[in-house]
Trainee: 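Structure incoming, see below.
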Amino acid sequence: MNIPESIDRTKLPAHIAIIMDGNGRWAKERGEDRVYGHYEGVVSVRDIVDACGAIGVGHLTLYAFSAENWNRPQAEVDALMELLVNTIRKEVDELKKNNVRLHVIGDFYSLPAICQKELNEAKEMTAMNTGLNLILALSYGSRNEIVRAAKMIAEKVAAGTMHIDDITDDTFGQHLYTSQFPDPELMIRTSGEYRISNFLLYQLAYAELYFTNVHWPDFRQQHLFEAILNYQQRERRFGKTSEQIQTIKPEHAQGTN
Ligand code: IPE
Ligand code: IPE
Ligand code: MG
């Protein structure tokens, strides 16, 4: 694997989230059915998972199927669910071998039973892995996730097991699907659309956003590395001024002058 020297391995985004978009357009451009684009998209998934594992990224979330995607033609939904089952089945040994741990976020129980079964098995088989955390967003919708968290908290307050003053950014985050993961620091969307499409609305508050025209089935390691390099050139200010950020650079913080 050709990891560019210019990438600073000490400043990798702790969590990369990707909206894998453009499978349908990629297929149409080739005169093929949309589903062909989804099949080819799996090749990109493999490549990007390998790259993240090799470079040392801790968390990778892939938006694979949104809550809204249920509204697509039934034949496409069925093909996607079948592809999911077959891919998990085929790849789980490789994930295990590569020390990748699989997680799923989203409305898990709305997935077909066979998908749930394959995913549960794959999660179990990789549960002891300590390398890359691969998080699949499936039947995922962020508004629903936030409403769900609000309801869980309201129930606890009503039952007297949580005090209203204990509702903070942190405790709220603990009721989201992503409670065990750091917030994404880099969010990539392929295929030239500039929107979030109900993805990690709460968690992306301070993520750096990166958009590329490359369709997902063409997206490869070199494109990921370009996105990481671009991320590393940005100044993340979190509301502060540029001057404040400059003065807390590590060499100053350590007082070494
Ligand atoms: C992304 O590609 C994959 C899923 C949403 C499942 P699309 O299927 O959205 O492809 P386009 O955007 O129609 O080209
Ligand atoms: C977002 O892509 C969902 C996934 C990539 C899984 P869509 O193609 O469904 O998003 P919209 O409809 O163009 O916003
Ligand atoms: Mg799309």
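Each ligand, and each atom within it, is numbered from 1 in the order the structure gives.
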Trainee: Excluding waters, which protein N, O or S atoms are within less than 2.8 Å of the Mg ion (ligand 3)?
Mentor: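 Atoms qualifying: Asp21 OD1.
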Trainee: Which residue and atom name correspond to the protein heavy atom nearest atom 7 (P) of ligand 2, and how close is it?
Mentor: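 Minimum-distance protein heavy atom for atom 7 (P) of ligand 2 reads Arg72 NH2, 3.8 Å.
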Trainee: Does Lys117 make a cation-pi contact with Phe108, if we ask for NZ or CZ under 6.0 Å from the ring centre and within 45° of the axis?
Mentor: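 Pair Lys117/Phe108 does not count as cation-pi.
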Trainee: How does Ser66 reach ligand 1, if at all, at less than 4.0 Å between non-hydrogen atoms: by side chain, backbone, both, or neither?
Mentor: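 None of Ser66 does.
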Trainee: If we ignore angles and hydrogens, is there a donor and acceptor under 3.5 Å between the side chains of Arg189 and Ser197?
Mentor: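 There is such a pair between these side chains.
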Trainee: Between Arg148 and Glu145, does any NZ, NE, NH1 or NH2 come within less than 4.0 Å of an OD or OE carboxylate oxygen?
Mentor: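 No, Glu145 and Arg148 are not salt-bridged.
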Trainee: When you check the side-chain N and O atoms of Tyr231 and Arg236, is any donor under 3.5 Å from an acceptor?
Mentor: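 Yes.
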Trainee: Has Gly22 got any heavy atom lying under 4.0 angstrom from an atom of ligand 1?
Mentor: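 Under 4.0 Å: yes for Gly22.
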Trainee: Checking side-chain polar atoms at under 3.5 Å, does Ser66 have a donor or acceptor matched by the opposite partner on Asn69?
Mentor: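 Yes, because at least one side-chain N or O of Ser66 sits under 3.5 Å from a partner of the opposite role on Asn69.
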Trainee: For His38, take its heavy atoms, then give the atoms of ligand 1 lying under 4.0 Å from any of them.
Mentor: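 Those qualifying, in numeric order: 3 (C), 8 (O).
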Trainee: Quick test of your reading of the model: are Glu32 and Arg30 salt-bridged, counting only N-O distances below 4.0 Å?
Mentor: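 No.
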Trainee: Would you say the side-chain atoms of Arg101 and Thr130 include a donor-acceptor pair closer than 3.5 Å?
Mentor: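 No donor-acceptor contact under 3.5 Å links the two side chains.
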Trainee: Begin from the C-alpha positions of Arg72 and Arg34 and carry the test side chain to side chain contact (heavy atoms under 4.5 Å, CB included) through to its verdict.
Mentor: CA-CA 11 Å; Arg72 290 194 177 190; Arg34 295 176 52 82; 2.9 Å; yes
Trainee: Which atoms of ligand 1 sit under 4.0 Å from any heavy atom of Arg34?
Mentor: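 It comes down to these atoms of ligand 1: 7 (P), 8 (O), 10 (O), 13 (O).
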Trainee: Looking at ligand 2, would Glu193 count as a contact under a 4.0 Å heavy-atom criterion?
Mentor: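 The answer is no, since Glu193 has no heavy atom less than 4.0 Å from ligand 2.
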Trainee: Under a 4.0 Å threshold between the charged nitrogen and the carboxylate oxygen, would Glu118 count as salt-bridged to Lys90?
Mentor: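 Answer for the salt bridge query: no.
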